[in-house]
Structure formats: C-alpha cells, structure tokens
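First up is the structure itself, then whatever we jot down about it.
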Amino acid sequence: MANNDELFKQIISHAKEYGFIFPSSEIYDGMSAVYDYAQLGVELKNNIKQYWWKAMVQYNENIVGIDSAIFMHPTIWKASGHVDAFNDPLIDNKDSKKRYRADVLIEDYLQKLEDKNEKEVEKAKKKFENFDEKLFKETNPNILRNQEKINSVSSRFAELMNQSDLVGIKSLIEELEIVCPVSGSKNWTDVRQFNLMFSTQMGSVSEGADTIYLRPETAQGIFVNFINVYKTGRMKIPFGIAQIGKAFRNEIVARQFIFRMREFEQMEMQFFVRPGEEIKWFEYWKNERINWHKSLGIDLANYRFHDHDKLAHYANAATDIEFNFPFGFKELEGIHSRTDYDLSQHEKFSGKKLRYFDPETNESYIPYVIETSIGVDRMFLAVLGNSFTEETLADGSQRVVLKIPPVLAPYKVAVLPLVKKDGLPEKAREIMDLLKMKMMCQYDEKDAIGRRYRRQDAIGTPYCITVDNQSLEDNTVTIRERDTMLQKRVPISEILQSIIL
RNA sequence: GCGGAAGUAGCUCAUUUGGUAGAGCGACAGCCUUCCAAGCUGUAGGUAGCGGGUUCGAGACCCGUCUUCCGCUCCA
C-alpha cells in the first residue's frame, strides 16, 4: 500500500510537471478538489471523449448524441428524486467525532425496538405450549408498549422529515436518548442539511429569481429530450441517446486527485428498450462496455465487475465496472437497468405523454432504460495511472514512459532532426508541415537525440520520426516506437501508413 | 466536519540547537554531438503558503488562517 501511495504521488506530480493537470486557481492557494486540465491533459481528455463517442454514436446506427444544457427546469430534479433523496440530515457526535445521518440514527433506534419485541416473542414461544403469536402480540404489555412507541416515533419522524424540520429531528434524538455507538455519549451537534446539488439563481434580480440547480447527472437531459429525439430522429426501439457533459455534486469529501471532484464530466448513454427485454440488454451493454475498455489494450486484470446487491430506488439491475486505481479497485463506470422509472416520473411531473408506439406489437408503452455511465475524469486517471511506467533499461539507465494507448496519446508523433545542422531541421520542418494537418505533432531540435526521445516518452508520444542525413538522400526517415524503442526506416511518403493509432 | 502529517525554485529535496536561501533534475540560449537521459558554457526562476507574535535577528519557535496528503463519516 505504501508503494501504491508513492506511485500515486508520482503520477500526480508527473501530471503537473508535464502539463496534464494543474490544481485549480493555484496562484490563489488553490481550490480543494478542483483541477484544471492543462495543455497535454486537454488532448488526452478530448481523445478519451472522442474514442467513446465514436464507439457509441458513430459505430452504433441506433444511437444518436445530444448536448443538453446544464441548466434545467427545477422540477426535473423533483421528478428524478434528487431533491428529496439527496438531502441528507447529518449530525456529529462531539466526543467520538463521528458523523451520522440523523435519519439513520432514528431508524436504528426503531429497529432496536422491533428487535426487542421479536425477542419477547421468541422467549414466549419457548415458554408456552400452544403458543398463539398473534394473541401474544396483541396482549403482552411489553410488546404493546414498544409497539406504541414505534408507532408514535415513526409518525413523528416521518412528519419531521417531510417538513425538513432539522431542529425537531435533533430534539427527537435527544428525547429518545440515542447515544453514539462509538463514544456512548449524547453530546450531539445540531442537525445540518447536506445538499448534493449546487443551487444558483436564474434571473438578474434577486427577488423573484428562481432557484435552479447545476445538474448532478447528465442523464436527465437525455430523458427530458427522449420524445423529441424519438420523433425527430425517426428512432425505433431499441435505440440510444448519448451525451458527454459536466455534472456537479457537492460531495462530502472530494478526494483522491481527479477521482472524486465536485465538478466532473460524464459520458452517458441511455438505451431505450421494450419492457421485459431490459435484462437482455443490460447483459448486452455490460459486454459491450467491457469490450470498449478491452480495445484500449489495458490489462484486463485491472478491471472487474461489481454487481450491486442494494439497488437504487429506480433500478432492477446494476453493476459497476471497477478499475484497479493506485488506491484500490474503485468504480469507473456504472451500468444500470433503470426500468421505466425516469420516464414515468417525467410523465407524471410534466403531464406529457412520454410513450413509444411500437409498430411491431401495436402497443404504446413507456420504454425501459439501460444506462451506461462512465466518468471522463476517472477514465483519464485510469489511463494515466496505468500508463505511468518507470523502466530500467538494459544498459542500466532509467526512463519514465507513459504507455498511453496511441489512439489516446496527446501527441501522436514527434518530428526530430538528428542534429541541428546540415539542413536536417529544414527537412524535418517539411515533414512536420505534412503531418500536422493530420494529427497532433511536436517538433523538437533541442538537445541530444536520446534526451529528446526520453522527453517524448515522458508525455506518451507513441512515435518519434527522426530525420538524418540519409533522409536528405533518399527521402526516408526512421520511426521509433515508444514502448519497444525499436526503429524502422520508411519512406516519408509512407509515414502515415506506418504508424498505428 | 474531526483527527494525524505536511507546505522552501517547474519537480525532488537540503539549510546541524533561530544569524539574513542552496543542490540535483528540469527549462531557456549557445557549444559539442550521425540514434536512446546524466559532455561543456551561460541565463532565468524563491518577499520559504499567507497573516500576526516572540526576538537585535525567524524558513526554523508560538498563534491564527489557507491549502494538500492519510484516516473516519457519505457516495445514484
């Protein structure tokens, strides 16, 4: 673990040193868990997005893309459940310094009372023959007392939660004499609301301005456009809508570099299917998505599926593709069978029909949805972390090389005159001008050739094209491959065919 | 939010108990070099996170603050 911590630090520091990722607002002391993508980082990030977009939208005839606004109608977040489901009341115990969800503390308390009653029943069962459980429950004074308490606390609790009465929730906790499981004390802080969503005001005048939210997921932008896309795109089920975009979540702790940020980017695809066929398509997309990762050539041992036991309120199947980050296996991508929850909710809240007419079955229905959702930043970290390699070469020298999949590499080639004289720079410039129309290229004539190779290794450039004296005679160059460091000589006219991206 | 550790040049770090900041790497300019870092010369770059205090004197000691890392709480 210590080694991995060390590795992670090296990756972060390499990312800064070579211009992949900078801490945000660094000259003003930075912002916690906010990062800027720098000159190389933005290339890698864009390439990841493009690789995904091509695999989803370009390759699949029945998937189209959209780019919906970050601002959306506030009711969307009521419909999606985000307003209610993600306002957790939190409370701290001052002695143990532990933080709890206030509602969970009360639920646990209720559970204890239930357990108590169960025990009474068990006890009585052993004691009496011809035991009538129903009668016992209706007459035993202990059980009745507990049950009454459960009922009254439950209803008060529900009432308080409904009204978001934080003060009331705290007094209920005090009244019930709930203690911290760790410290055993009743020394509680006030209950505070934790809001998942960032809110802001739309409208230039503060009075009468509407509170709106920065979207916590891009998915809703797809759902609310479902009917528009279906109709204008002449889409037939099954079909998908893809989107790449920023999302914002007020995480309690945003940590681990770009793994968990409050502002992040998602690549999501919602696939609309006939009800009853969702599990088939869930399996289909599980397979498709892992194949996408596979196609990048990253060691499969770094991936694993993690099926959810506890499903979210809207899902009937869910799995994560986890990646072996330097800090362990963590969620990289989620594949969820979201049922018809979202579209049904939007139908209810908007009052608009969000149904698909299926000409094959002659039925109209709300489609079921399979979602694939991957974090761009997490993918970036996966690629960067997996690429980072320190090698000791045969001659005992060391090199740091980013073995980024060539298709994702910020620069595809570097054009290098072997020496900075004899007309080699001019020749190299010609090649540079030729190639830069096609791909990201870097020209470098400074320092010894070996040093320049190492520089390109450090930023993950897969190919170095070197111009030497022979190039002047027969128009050939050498192409050096990053990972193997092997070179081959090819005619300038065949450079493009010789590099695999 | 709490606890622990840390913050000196782009990076990694030094500065022996407080005496006025240094190295390596890197970058840049040039020299040398016909294929894999560490040859030569030169240049730039730090009000030591920030603010305050103690002191004749603070990078070092004290307080505050900000930021980062590790752990805990939460995570569709």
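Naming convention: chains lettered A, B, ... in sequence-line order (proteins, then strands); numbering from 1 in each chain.
- Closest contact between the side chain of A:Tyr453 and the listed nucleotides B:U68, B:C36, B:C11 involves B:C36.
- Rounded to whole Å, the separation between the P atoms of B:A9 and B:A14 comes to 12 Å.
- On the C1' atoms, B:A21 is 7 Å away from B:U15, given to the nearest whole Å.
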Kindly give the atom pairs (protein nitrogen or oxygen, nucleotide nitrogen or oxygen) under 3.5 Å for nucleotides 42-44 of chain B.
none

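- Only the P atoms considered, B:A60 is 13 Å distant from B:U17, to the nearest whole Å.
- Annotation: side chain to side chain contact (heavy atoms under 4.5 Å, CB included) contacts of A:Glu288 (sequence neighbours excluded): A:Tyr284, A:Trp285.
- A:Pro23 comes within contact range of no nucleotide atom at all, as no heavy-atom separation falls under 4.0 Å.
- Nearest-nucleotide positions on RNA chain B place A:Gly450 closer to the 5' end than the other of A:Gly450 and A:Arg338.
- A:His14 comes within 4.0 angstrom of nothing in the nucleic acid, heavy atoms only.
- Remark: RNA chain B forms stems of 3 or more consecutive Watson-Crick or G-U wobble pairs, all pair distances under 3.5 Å, at B:1-7 with B:66-72, B:10-13 with B:22-25, B:27-31 with B:39-43, B:49-53 with B:61-65.
- For A:Gln243 and A:Thr218, the side-chain atoms include no donor-acceptor pair closer than 3.5 Å.
- A:Trp53 is linked by a ring-ring contact (aromatic ring centres under 6.0 Å, His included) to nothing, counting only residues two or more places apart in sequence or in another chain.
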Evaluate the salt bridge (charged side-chain N to carboxylate O under 4.0 Å, His left out) criterion for residues A:Glu445 and A:Lys421: first the C-alpha distance (whole Å), next the side-chain angles of each, then the deciding distance (0.1 Å), finally the verdict. CA-CA 10 Å; A:Glu445 58 178 26; A:Lys421 60 180 185 191; over 6 Å; no
Can you check salt bridge (charged side-chain N to carboxylate O under 4.0 Å, His left out) on A:Glu333 and A:Arg378, steps first, answer last? CA-CA 9 Å; A:Glu333 173 159 5; A:Arg378 288 182 180 187; over 6 Å; no
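- Taken residue by residue, residues 275-285 of chain A places no heavy atom nearer than 4.0 Å to RNA chain B.
- For B:C36, the base has no donor-acceptor partner in the side chain of A:Arg399 [N/O atoms by modelled type, under 3.5 angstrom].
- Ring centers of A:Phe380 and A:Tyr37: under 6.0 Å apart, within the cut-off.
- Across the P atoms, B:C25 and B:G39 are found 8 Å apart, a figure rounded to whole Å.
- To the nearest angstrom, P of B:C28 lies 12 Å from CZ of A:Arg452.
- Among the atoms of the strands shown, none is found under 4.0 Å from any heavy atom of A:Gln470.
- Judged as a side-chain hydrogen bond (donor to acceptor under 3.5 Å, both in side chains), and not counting sequence neighbours, A:Ser154 has no contacts.
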Tabulated below should be each protein N or O lying under 3.5 Å from an N or O of nucleotides 25-27 of chain B; please produce it.
{"unit_1": "B:G26", "atom_1": "OP1", "unit_2": "A:Arg451", "atom_2": "NH1", "d": "2.7"}
{"unit_1": "B:A27", "atom_1": "OP1", "unit_2": "A:Arg455", "atom_2": "NH1", "d": "2.7"}

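- Listed by first then second residue, pairs satisfying salt bridge (Lys or Arg N to Asp or Glu O under 4.0 Å) with a partner in residues 491-501 of chain A number zero, not counting sequence neighbours.
- Applying the ring-ring contact (aromatic ring centres under 6.0 Å, His included) rule to A:Phe305 yields no partners; only residues at least two apart in sequence or on another chain are considered.
- If you measure from atom CG of A:Leu486 to atom P of B:C35, you get 17 Å, rounded to the nearest angstrom.
- Here the two rings, on A:Phe327 and A:Phe259, have centers that are under 6.0 Å apart.
- Comparing the same atom, C1', in B:G57 and in B:C2 gives a spacing of 38 Å after rounding to whole Å.
- Using atom P as the reference point in both B:C69 and B:C11, the two lie 15 Å apart (nearest Å).
- Nucleotide B:C35 holds its P atom 17 Å from the CG atom of A:Leu393, rounded to whole Å.
- Contact of A:Asp468 with B:C35 (side chain to base): a donor-acceptor pair of N or O atoms is detected under 3.5 Å.
- Between A:Arg429 and A:Glu426 there is no salt bridge, since no side-chain N of the basic residue sits under 4.0 Å from a carboxylate O of the acidic one.
- Among B:U33, B:C35, B:G10, the nucleotide with an atom closest to any side-chain atom of A:Ile449 is B:C35.
- Here B:C36 presents its C1' atom at 17 Å from CD1 of A:Ile465, a figure rounded to the nearest Å.
- Between the side chains of A:Ser80 and A:Gln220, no donor-acceptor pair of N or O atoms lies under 3.5 Å.
- Applying the ring-ring contact (aromatic ring centres under 6.0 Å, His included) criterion to A:Phe20, with sequence neighbours excluded, gives no partner residue.
- Rounded to an integer number of Å, the gap from CD of A:Gln266 to C1' of B:C75 is 13 Å.
- Counting atom types as modelled, A:Arg260 pairs a side-chain N or O with a base atom of B:C75 as donor and acceptor under 3.5 Å.
- No close placement of the A:Phe198 and A:Tyr213 rings is indicated, their centers lying 6.0 Å or farther apart.
- In the set B:U68, B:U33, B:C11, B:U68 carries the atom at the smallest distance from any side-chain atom of A:Tyr35.
- The CG atom of A:Asp422 sits 13 Å away from the C1' atom of B:C32 (whole-angstrom rounding).
- With both ends at atom P, the span from B:A38 to B:U33 equals 15 Å, rounded to whole Å.
- For A:Ser13, taking side-chain heavy atoms from C-beta onward, the closest of the listed nucleotides B:U33, B:C11, B:A37 is B:C11.
- For the salt bridge (Lys or Arg N to Asp or Glu O under 4.0 Å) with A:Asp444, the lone residue among A:Arg455, A:Arg452, A:Lys420 that qualifies is A:Arg455.
- Residues meeting the side-chain hydrogen bond (donor to acceptor under 3.5 Å, both in side chains) test with A:Glu322, sequence neighbours left out: A:Arg304.
- Nearest nucleotide to the A:Lys420 side chain, out of B:C35, B:U33, B:G10: B:U33.
- Nearest-nucleotide assignment on RNA chain B puts the 5′-proximal partner with A:Thr478, out of A:Thr478 and A:Ile12.
- At the phosphate of B:U33, OP1 or OP2 sits under 4.0 Å from a side-chain N or O atom of A:Lys421.
- Considering only residues two or more places apart in sequence or on other chains, A:Asp307 meets the side-chain hydrogen bond (donor to acceptor under 3.5 Å, both in side chains) condition with A:Thr319.
- One P atom belongs to B:U67, the other to B:A58, and the distance between them is 27 Å to the nearest Å.
- A:Glu217 comes within contact range of at least one nucleobase, with a heavy-atom separation under 4.0 Å.
- Among the nucleotides B:C75, B:U33, B:G30, the one closest to any side-chain atom of A:Lys446 is B:G30.
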